[in-house]
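Let me begin by presenting the structure, written as structure tokens, before commenting on it.
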Amino acid sequence: MKFTTAMTTAVLATGALAAPRPGLAERLEARGVLTRQSIPAHKFDNSGEENTVLLKEGSNGANVQYSKNWAGIVREQPPASGVYTEVSATFTVPDPKATDNSGETQAASAWVGIDGDTYTNAILQTGIDAYISNGQKSYDAWYEWYPNAAENFDLSLKAGDVIVATVQSSSPSEGVAIIENKSTGKSVTKSLSAPASTATLGGQNAEWIVEDFNSGSSMVPFANFGKVTFTGAQAKAAGGEYGVNNAAILEIQQNGKLLADVQVQSDTQFTVTHQ
Ligand SMILES: *[C@@H]1O[C@H](CO)[C@@H](O)[C@H](O)[C@H]1NC(C)=O
């Protein structure tokens, strides 16, 4: 997303008054960068990395992988007959809470997408962000074809809104992002093209994710998003429909702490909970 004018003004004004050091938005503004961007899953290898103590799940955590930025479920392989061409799910816009008293902008995203896990050239995705900055909450709905940054839909959101997020690809270089208001059935749609010949879709991954996203090269501090339950989680490939069973589970760890835990309820439903 691009921060909206109101959001930017609010962030800069409140950040300047209360933050003991320049807030994130100010630091980014100073660099001329005010963008929101998902990036591919940044996973830890088995030894951990960057002085991180890697926590392990118990015996039932065989499918769990750990990442700095993605929590949720990824189908990491398409069926032998084809590639993923559609991913969708319903979820409720979360109510963000600050994890400290700094007043600094914190955020979390929830989205659906194609690619970006084992296939890192591109991600076609759509979803929402929830921000908290000095107690002020704001929300955006956006679409993104990585490595381009996200762009906002013209849609006002609030915590508790139930949306259906869908991405579809008609070819490796053409796709559509759709956010539907579940209660009214009204939707916003954006047709997208691969931003570069090196950024076409492989259709190798289908995912439903809560993300600690990037702005410029910085990770935005992760807000306490409470929980996000994805329902009706579905991926399509070569005429077949697939849920989340037998897919990879990703949980977020930062600085040796588990921040986002995943519990699967059924083939089409799971919950990501902030810890
Ligand atoms: C969805 O529609 C309801 C009812 O009109 C409205 O209150 C809500 O703000 C809408 N949410 C979004 C995301 O459009």
Side-chain angles (χ1 to χ4, degrees), residues 1-11 25 34-38 70-73 86-98 105-114 123-146 148-168 175-192 206-213 215 220 222-235 260 265 268-274:
M1 71 143 220
K2 292 203 168 60
F3 281 81
T4 61
T5 309
M7 171 73 192
T8 308
T9 308
V11 167
L34 270 177
T35 57
R36 173 246 181 261
Q37 187 177 40
S38 286
W70 287 23
I73 297 198
E86 180 171 328
V87 183
S88 60
T90 299
F91 57 86
T92 301
V93 176
D95 185 12
K97 295 191 171 54
T105 301
Q106 300 185 347
S109 285
W111 53 267
V112 302
I114 296 173
I123 316 171
L124 173 61
Q125 50 180 165
T126 193
I128 63 93
D129 296 332
Y131 291 86
I132 180 148
S133 184
N134 259 340
Q136 288 196 312
K137 300 177 185 187
S138 60
Y139 308 90
D140 289 304
W142 50 267
Y143 48 85
E144 177 177 328
W145 192 314
Y146 173 86
N148 271 9
E151 301 277 350
N152 281 352
F153 275 119
D154 182 10
L155 184 70
S156 31
L157 293 170
K158 57 186 184 312
D161 283 348
V162 183
I163 61 155
V164 186
T166 305
V167 287
Q168 297 167 338
V176 177
I178 306 162
I179 300 273
E180 180 192 326
N181 184 328
K182 180 88 171 172
S183 37
T184 62
K186 282 190 191 157
S187 60
V188 286
T189 299
K190 176 70 182 179
S191 294
L192 295 155
E207 66 262 353
W208 303 265
I209 299 295
V210 170
E211 183 178 18
D212 184 359
F213 61 87
S215 189
V220 175
F222 205 25
N224 178 353
F225 56 88
K227 65 178 183 179
V228 176
T229 296
F230 291 83
T231 63
Q234 188 183 71
Q265 284 105 30
T268 58
Q269 180 175 327
F270 67 95
T271 300
V272 184
T273 306
H274 190 271

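As the structure is a prediction and not an experimental result, all values here were calculated from the model. Both ligands and their constituent atoms are indexed starting at 1 by order of listing. Count residues from 1 along the sequence.
- No more than 12 heavy atoms of other residues, nucleotides or ligands shown are found within 6.0 angstrom of NZ on K182.
- When heavy-atom distances to ligand 1 are checked against a 4.0 Å cut-off, K186 has no atom that comes that close, whether in backbone or side chain.
- With Y139 as the partner, the side-chain contact (heavy atoms from CB on, under 4.5 Å) test is satisfied by one option alone out of D95, I128, L155, D161: D95.
- Checking Q265 against T271 by side-chain atom types alone, a donor-acceptor pair falls below 3.5 Å.
- Atoms of ligand 1 lying under 4.0 Å from at least one heavy atom of L157, given by number and element, are 13 (C).
- Here the shortest heavy-atom pairing between V112 and V87 reads CG2-O, 3.7 Å.
- Of all the atoms in ligand 1, the ones that sit under 4.0 Å from a non-hydrogen atom of S183 are 1 (C), 2 (O), 3 (C).
- Using the six-membered ring where Trp is involved, F270 and F230 have ring planes that are parallel, under 30° apart on the 30 and 60° scheme.
- The option from V93, N181, I128 that lies nearest to atom 14 (O) of ligand 1, judged by heavy atoms, is N181.
- With K182, K158, E180 as candidates, the residue nearest to atom 7 (O) of ligand 1 on a non-hydrogen basis is K158.
- R36 has no carboxylate O lying under 4.0 Å from a charged side-chain N of D140, or vice versa, which leaves the two without a salt bridge.
- Checking V162, V188, I163, T184 against atom 5 (O) of ligand 1, the nearest heavy atom belongs to T184.
- In L155, the part holding a heavy atom less than 4.0 Å from any atom of ligand 1 is the side chain.
- Of all the heavy atoms of S156, the ones lying under 4.0 Å from any atom of ligand 1 belong exclusively to the backbone.
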